[in-house]
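As a basis for the values below, the full set of heavy atoms in this structure was taken, side chains included, without hydrogen atoms, waters or symmetry mates.
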Amino acid sequence: MRISTHSGIVMPSDGSGPGGTPGTAAFQLVLDDLTLSPGGRVLLDGVRQSVAPGERVGVVGENGSGKSTLLRVVAGLEPPAEGEVRLRAPGGVGHLPQVPDLPPEDTVQDAVDHALAGLRALEHSLRETERALSAAGPEETGPLLAAYGDLMEAFEARDGYAADARVAAAMHGLGLARITPGRRLGSLSGGEQARLGLACVLAASPQLLLLDEPTNHLDASALEWLEERLRSHRGAVVVISHDRLFLERVASALWEVDAERRTLHRHGGGYAGYLRARTAARRRWERDHRDWLSELAEQRELAGRAADRMASGARRGATAERSNQRHQRSVERQISARIRNAKERLRRLEENPVPRPPEPLRFRTPATAAPAARGSAADGTPGATGPAGPGAAGATGPQGAHVPGLQQPHGPQGSQGSAGSPGPAGAAGAAGPQGDEEAVAVLSDVAVGERLDVEAFSVAPGERVLVTGPNGAGKSTLLAVLAGGLTPGRGACRRTPRTAWLPQETVLAHPGRSLLAAYAEGLPGTPEEHREALLALGLFEPSALATAVGDLSVGQARRLGLARVLREPADLLLLDEPTNHLSPGLVEDLEEALAAWPGALVVVSHDRMFTRRFTGRRVRLESGRLAE
């Protein structure tokens with residue numbers, strides 16, 4: 001947590017007095033040819049963006065793409081590798097990191113006082129100037145009055161008189177009202193510290209708020225309070241968030257961090273504008289690809305026709321009279337020029353192809369699975385294979401429960417339980433109308449230590465089940481048992497042999513292996529044979545396929561896990577927080593794929609937009625027990 005006042009020079013210069021003239025006209029935030037490369041790894045290159053007074057900019061992108069680094073650079077906590085940040089915010093800058101650094105020996109009141117130090121300094125300067133005015137002579141009164149007016153304008157611009165009231169409101173709105181001012185910070189939980197840091201930054205009401213994932217650790221009522229507070233903020237806001245509902249309600253514009261191209265794309269119109277821009281970009285890509293194919297075919301045809309005409313002209317010229325040969329040679333020169341021009345245009349087209357857009361994400365059932373497409377696509381463009389990806393007809397076991405090259409967090413794959421007798425009908429989580437005999441997954445009297453105790457749970461073919469509950473309730477354990485990745489200490493588990501599992505955490509087992517090799521491991525053939533199938537998913541650029549899995553960002557590792565699930569046909573999908581670490585755009589694609597998925601689905605999610613849109617059965621886990 002950091003509150004500061006920037007004097008408005010090229011960052012990272014940082015003044016800490018009230019100085020400057022308050023008001024929106026004095027505000028400026030410009031990123032000029034900015035390059036970020038912490039530790040020598042380039043995250044953003046040549047970025048040019050700006051924030052208007054009063055604008056609320058949401059920053060989106062997958063984990064590890066450089067969003068937090070960007071906020072630290074804007075706050076002056078880190079220097080950019082190249083370029084500059086031009087920042088003028090006389091009303092102060094408040095930066096909230098994702099994990100606040102609060103001294104454990106300090107008290108809650110110390111944290112509040114530190115956050116309000118700038119306002120307290122302004123107020124102290126006002127009192128000092130008032131005392132100086134009361135004793136000033138005629139010659140001193142004018143300059144002192146001007147200074148007093150500037151101080152008062154700055155103080156009122158930050159609503160200084162309401163600072164203590166804002167502290168109380170923030171503590172109450174964020175669920176901290178019962179925490180006493182004398183409480184040591186080290187005694188607070190991680191969630192309480194995060195909320196306290198947020199409360200302090202908001203209470204200070206700086207002109208520019210830089211917030212890194214402020215919705216973490218907030219319940220529904222605190223989220224609603226925060227959304228309203230930010231919408232009413234009189235200054236500018238730059239906020240990183242994966243919460244699409246939060247972005248929809250708060251952001252007036254979005255910065256999309258493009259990790260592959262190392263740049264920022266700006267989208268006006270808030271989250272809805274971002275979605276419209278994605279749709280429009282997809283349509284432009286499809287149109288440009290069609291145009292490229294059309295021109296390619298046209299130039300090939302022109303070159304072929306001209307070559308045929310040249311050949312037939314040469315045959316006629318051999319038998320033509322001398323008087324006609326000069327005319328024939330002239331025609332041949334014209335045709336030859338046309339052939340050269342057509343070949344040159346053809347060369348440029350082939351050297352600058354417009355790849356076919358990746359097919360929409362699609363999960364496959366055995367009924368819809370097709371043989372894997374290998375090699376180049378029919379139209380000869382890179383990354384243009386069909387959507388199916390590499391098939392594994394006849395594969396059994398929980399696909400994704402054990403991913404070669406990836407370690408799963410629940411230990412070795414367990415057995416599928418005993419004979420798997422169906423659970424009692426009518427119990428919590430009992431089968432749908434088709435009954436346990438036709439279910440794709442059945443748990444009966446299953447227990448895993450103190451983490452899970454399920455009397456009966458089953459999933460019918462094609463059924464969709466959303467599992468909710470507080471952290472530590474046993475949701476991930478439930479999915480691990482269903483997938484066969486964890487052996488229960490008691491009870492029976494039966495599942496379809498075609499089960500795909502995406503665990504919540506992906507731990508990389510062979511850090512030196514390439515991304516492509518990790519994707520293709522366990523499939524027939526060489527990794528290179530599956531290159532086009534992976535690219536066709538649209539999850540990675542060609543340049544990323546040689547990257548060692550140990551060098552992948554958290555978001556890239558998550559996409560690799562998703563690609564592994566997408567490649568195999570399945571009857572049952574088990575997805576544990578599938579939206580974690582993914583960009584909002586990819587999450588939207590994932591939701592569309594799941595909406596079209598005809599098989600059975602059991603999904604765990606805290607994503608508010610995902611749960612709001614979900615259609616199907618909902619169950620809740622509390623202390624390891626199911627409740628419909």
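Between Val565 and Trp501 there is no side-chain heavy-atom pair separated by less than 4.5 Å. For the pair Glu622/Arg620, a side-chain contact is recorded, criterion being any heavy-atom separation below 4.5 Å from C-beta on. Put simply, the side chain of Arg558 reaches to within 4.5 Å of the side chain of Leu502, judged on heavy atoms.
Here the side chain of Glu248 pairs no donor or acceptor atom with the backbone of Ala272 at under 3.5 angstrom. One N or O on the side chain of Gln207 and one on the backbone of Gly91 form a donor-acceptor pair closer than 3.5 Å. A donor-acceptor pair is defined here as one N or O able to donate and one able to accept, closer than 3.5 Å; such a pair exists between the side chain of Arg56 and the backbone of Val250. Arg464 places a side-chain N or O within donor-acceptor distance of the main-chain N or O of Leu594, the cut-off being under 3.5 Å. Judged by distance alone, the side chain of Thr35 and the main-chain N or O of Gly46 form a donor-acceptor pair under 3.5 Å. No donor-acceptor distance shorter than 3.5 angstrom exists from the side chain of Ser187 to the backbone of Arg183, with no hydrogens or angles considered. Between the side chain of Lys475 and the main chain of Thr468, no donor-acceptor pair closer than 3.5 Å is present. Looking only at distances, no side-chain donor or acceptor of Arg261 sits under 3.5 Å from a matching main-chain atom of Val257. No donor-acceptor pair under 3.5 Å is formed between the side chain of Arg612 and the backbone N or O of Leu245. Lys67 places no side-chain N or O within donor-acceptor distance of the main-chain N or O of Val239, the cut-off being under 3.5 Å.
Closest non-hydrogen pair, Leu560 versus Phe540, comes out as N-CZ, 3.6 Å.
Within a 6.0 Å radius of CZ in Arg131, other residues, nucleotides and ligands contribute more than 12 heavy atoms. Around the CZ atom of Arg283, the shell of radius 6.0 Å holds no more than 12 heavy atoms that belong to other residues, nucleotides or ligands.
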>> Let's go through Val85 and Val30 carefully: what are the C-alpha distance in whole Å and the side-chain angles of both, what is the deciding distance for side chain to side chain contact (heavy atoms under 4.5 Å, CB included) to 0.1 Å, and is it a yes or a no?
In response: CA-CA 6 Å; Val85 177; Val30 176; over 6 Å; no
>> Between Glu62 and Leu582, is the side chain to side chain contact (heavy atoms under 4.5 Å, CB included) condition met? List the steps.
In response: CA-CA 5 Å; Glu62 68 176 27; Leu582 302 180; 5.6 Å; no
